[in-house]
Amino acid sequence: MTTISDIQKKIKSSSARAVVENALRLARDNEDYHALLNLTEERALKRADEVDEGKITGKLAGVPFVVKDNFLAFGAPTTAASKMLEKFDAPLQATAVEKLEAEGAICIGKANLDAFAHGGSTENSAFGPTKNAFDKTRVAGGSSGGSAAITALDVVPFALGSDTGGSIREPASFNGVVGVKPTYGMISRYGVVAMASSTDVIGTFTTNIADAEMILQIISGRDDRDMTTLPDFFEIQSDVKPGLRIGLVNDFMTKDVDPEVLARVNEYVEKLRASGHTVEAVDLPMAEYSLAIYYIIVPAELSSNLARYDGIRYGHRAEGVMTLAELYGRTRDEGFVTENKRRIMIGSYVLSSGFFDAYYLQAQKARTLLINEFNELFKKYDMLIGPVAPTSAFKLGENTADPIKMYMCDIMTVATSLAGLPAISVPAGNSESGLPIGVQLMGPYRSDASLLALARSMENK
Ligand code: GLN
């Protein structure tokens, strides 16, 4: 697959314009995957010419990329894959996009997602699903399915996504690319449509680890416009520490997991051992409750965040003469997909005065117990390993009728989200039928650089 440095060589030997035109052509050739909702063609070509004229310079001058369509970016609407924002033109750009542009990178399009990032297959997009890069009858994963597929299809060497409970890691695993969910607060979320404020992070899709490190170095760091960002701490680590102690999470290696997924994880574990690291099975008993905790806290937060789409302030507004209550109701009925509505209802329910203590407060307490378990494990282990998802990419439509079945796919990704910990999905081979399978490496708070250094040392082994 194409790396950033392959693209940089092409820019040198031809031009930024030629490279960007080629990326746009590839995007069109691959239209039937439905990975992109809109191209930002005019702005992209203008910027490419400015690179060729020497007006735009930087570490990524002329390198094309794609952002998930919940990032505010110029050149096309920011839809969050919803009718609510179908025609919404961003008044500003997300900090991450601004930082990439400051290094000369060129956004060529906006990637498909589950509407408002609610989902794990991109089938909840109001504009139709994205297809898996390896098998058009299967899902790309989600919610950042478009960003994952477009990277895997080699249209661009990298893409940005967001991960609230697995939305970078799962599609990365399903499409055979590297997906990084950084420590909570490492990268500014300013200008990204909010889902759940206490777990939302943004991160990268790349074809290799070094490219992920380069992009993270550029986009991470304190941002005064996002008060949840941490002071800069991400520094690329040139070598992996020898003899790491790694815990293989038993609770994710169960009989419910596809044997081919277990086999790929076990092979990766053997390679870690052969490279001088120790790997031992460990227990994370609260993992069993992590989905229940997640599907209370996240709907609670997103129901609050989505309250702003009222037909008055932004986006879609129902037409006709009606009362204010009808305007809210109709606008929200027309603007949200079924899954958005389901979550808004669950969220409002668990926050309502009669049920707050029984659900929301209880879930927050359980979340603390989960965090404590991680803290205990990280006293003895440098990192943890396990699968990303119980299966490889499933068939389009396979889980859509049963929301609980769909939620079960998140069982291995939500725990680290609830704890704010960094976790990455790295390609670990294929199923017999040729579908990619990823393994998940998880680390303590702010251990992003060491996780990536380990993953880089294992690449191609
Ligand atoms: N699949 C998870 C969910 O539906 C994760 C979503 C996300 O990370 N945005 O909530």
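In listed order, ligands and their atoms are each counted from 1.
Side-chain contact annotation: Thr79 with Asp69, donor-acceptor N/O pair under 3.5 Å present. Defined by atom type and a distance below 3.5 Å, a donor-acceptor pair is present between the side-chain atoms of Arg169 and Thr416.
Annotation: ring pair (Phe, Tyr, Trp, His ring centres under 6.0 Å) contacts involving residues 399-442, sequence neighbours excluded, comprise Tyr295-Tyr407. Listed by first then second residue, pairs satisfying salt bridge (charged side-chain N to carboxylate O under 4.0 Å, His left out) with a partner in residues 73-93 number zero, not counting sequence neighbours.
Qualifying ring pair (Phe, Tyr, Trp, His ring centres under 6.0 Å) partners for Tyr359, counting only residues two or more places apart in sequence or in other chains: Tyr349.
With a 4.5 Å cut-off on side-chain heavy atoms, Met84 and Thr331 count as touching.
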Which N/O atoms of ligand 1 sit under 3.5 Å from a protein N/O, and at what distances?
from, atom 1, to, atom 2, distance (Å)
ligand 1, 1 (N), Gly119, O, 3.0
ligand 1, 1 (N), Asp410, OD1, 3.0
ligand 1, 1 (N), Asp410, OD2, 3.0
ligand 1, 4 (O), Gly119, N, 3.1
ligand 1, 4 (O), Gly119, O, 3.4
ligand 1, 4 (O), Tyr295, OH, 3.2
ligand 1, 4 (O), Arg343, NH1, 3.4
ligand 1, 4 (O), Arg343, NH2, 2.7
ligand 1, 8 (O), Thr164, N, 2.7
ligand 1, 8 (O), Gly165, N, 2.7
ligand 1, 8 (O), Gly166, N, 3.4
ligand 1, 8 (O), Ser167, N, 3.1
ligand 1, 8 (O), Ser167, OG, 2.6
ligand 1, 9 (N), Ala117, O, 2.9
ligand 1, 9 (N), Ser143, OG, 3.4
ligand 1, 9 (N), Ser167, OG, 2.7
ligand 1, 10 (O), Tyr294, OH, 2.7
ligand 1, 10 (O), Tyr295, OH, 3.3
ligand 1, 10 (O), Arg343, NH1, 2.9

